[in-house]
Amino acid sequence: QVQLVESGGGLVQTGGSLRLSCAASGSIFSITSMGWYRQAPGKQRELVASLTRGGLTNYGDFVKGRFTISRDNTMTTVYLQMNSLEPEDTALYSCKAQRNSGGSIWGQGTQVTVSS
């Protein structure tokens, strides 16, 4: 099993920055990729950024160079550095780990609120 715990969310003003962390534990060897998703009230969940064990990254179109996903060497922890935050970035941010079995694990999420 894999467990994910997110941290780093909070309230920030427009233009500010936050760094989210997602710590994985358990069968981390089974993780092939990790990613951040977000869901705002009344909207569908969308990909923010993902990172494979091999180092390939993928970002949502709305990121526009403002966010960076990174990890530690063992892929135990994945980070999302968010800069130039806008009110439209307000959402619940959740971490997802994709496993080599084909299944996925989600964390509980961390709230990001950007005030105007």
Side-chain angles (χ1 to χ4, degrees):
Q1 277 288 9
V2 173
Q3 295 81 40
L4 303 175
V5 178
E6 301 106 327
S7 61
L11 174 65
V12 65
Q13 292 185 333
T14 297
S17 298
L18 284 174
R19 189 192 194 204
L20 306 184
S21 298
C22 176
S25 61
S27 303
I28 59 173
F29 62 88
S30 68
I31 296 174
T32 58
S33 69
M34 293 180 71
W36 287 96
Y37 292 76
R38 72 182 189 182
Q39 186 168 22
K43 295 187 177 180
Q44 289 188 332
R45 183 163 57 192
E46 59 184 350
L47 171 70
V48 179
S50 64
L51 175 62
T52 69
R53 185 174 287 277
L56 296 177
T57 59
N58 187 30
Y59 291 93
D61 291 341
F62 60 87
V63 170
K64 298 179 182 178
R66 300 180 297 134
F67 301 172
T68 302
I69 190 169
S70 62
R71 65 178 188 190
D72 63 5
N73 288 337
T74 60
M75 204 150 182
T76 303
T77 304
V78 171
Y79 307 96
L80 183 68
Q81 178 66 43
M82 304 189 294
N83 301 324
S84 302
L85 285 162
E86 304 166 350
E88 293 74 22
D89 296 315
T90 296
L92 181 69
Y93 285 69
S94 299
C95 180
K96 174 186 171 183
Q98 191 69 37
R99 303 183 68 187
N100 54 16
S101 64
S104 59
I105 303 294
W106 290 89
Q108 81 285 356
T110 184
Q111 179 67 35
V112 171
T113 302
V114 184
S115 64
S116 57

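Within the 4.5 Å cutoff, no side-chain heavy atoms of V5 are placed close to those of Q3. Side-chain contact between R66 and M82 is absent, with no heavy-atom pair separated by less than 4.5 Å. Put simply, the side chain of L56 does not reach to within 4.5 Å of the side chain of N58, judged on heavy atoms. Contact check for S50 versus S33: no side-chain heavy atoms found under the 4.5 Å cut-off. In this structure the side chain of Q1 reaches within 4.5 angstrom of the side chain of R99, judged on heavy atoms.
Checking side-chain atoms of T90 against main-chain N and O of V114 turns up a donor-acceptor pair under 3.5 Å. A distance-only check finds no donor-acceptor pair linking the side chain of R19 to the backbone of G8 [under 3.5 Å]. Checked by atom type and distance alone, the side chain of E6 pairs as donor or acceptor with a backbone atom of G109 at under 3.5 Å. No donor-acceptor pair closer than 3.5 Å links the side chain of E86 to the backbone N or O of T14. Using a distance-only test at 3.5 Å, with no hydrogens or angles considered, a donor-acceptor pair links the side chain of Y59 to the main chain of I69.
With hydrophobic clusters built from ILVMFWY side chains whose heavy atoms lie under 4.5 angstrom apart, I28 shares a cluster with W36. Placement of F62 and V12 within a single hydrophobic cluster is found when ILVMFWY residues are connected by side-chain heavy-atom separations under 4.5 Å, directly or transitively. When hydrophobic clusters are built by joining Ile, Leu, Val, Met, Phe, Trp and Tyr residues whose side-chain heavy atoms come closer than 4.5 Å, directly or via intermediates, Y37 is not grouped with L18.
In terms of heavy-atom proximity, S116 sits nearest to P87 at CB-CG, 3.9 Å. Heavy atoms only, all atoms of each residue included: S30 and S27 are closest at OG-O, 2.6 Å. Nearest heavy atom pair, residue G9 against residue T110, reads N-OG1, 3.1 Å. Between K96 and S104 the shortest heavy-atom distance is CE-CB, 3.5 Å. In terms of heavy-atom proximity, A24 sits nearest to M34 at CB-CE, 4.3 Å.
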Going through the distances and angles, do V78 and R71 end up as a side-chain contact (heavy atoms from CB on, under 4.5 Å)? CA-CA 4 Å; V78 171; R71 65 178 188 190; 4.2 Å; yes
Checking L85 against F67 for the side-chain contact (heavy atoms from CB on, under 4.5 Å) test, could you report, in this order, the C-alpha distance in whole Å, the side-chain angles of both residues, the deciding distance, and whether it holds? CA-CA 9 Å; L85 285 162; F67 301 172; 3.9 Å; yes
When you look at S17 and N83, which way does the side-chain hydrogen bond (donor to acceptor under 3.5 Å, both in side chains) test go after all the steps? CA-CA 4 Å; S17 298; N83 301 324; 2.9 Å; yes
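Counted within 6.0 Å of CD on Q108, heavy atoms from surrounding residues, nucleotides or ligands total more than 12; the atom is thus considered enclosed.
Distance check: T68 OG1 to L51 CG gives 11.5 Å after rounding to the nearest 0.5 Å. With rounding to the nearest 0.5 Å, the separation of OG1 in T77 from CG in L4 is 10.5 Å. Here the OG atom belonging to S94 is positioned 6.5 Å from the CZ atom belonging to R45, to the nearest 0.5 angstrom. Rounded to the nearest 0.5 angstrom, T113 OG1 and D89 CG are separated by 11.0 Å. Here the straight-line distance linking atom CZ of R38 with atom OH of Y93 works out to 4.0 Å at 0.5 Å rounding.
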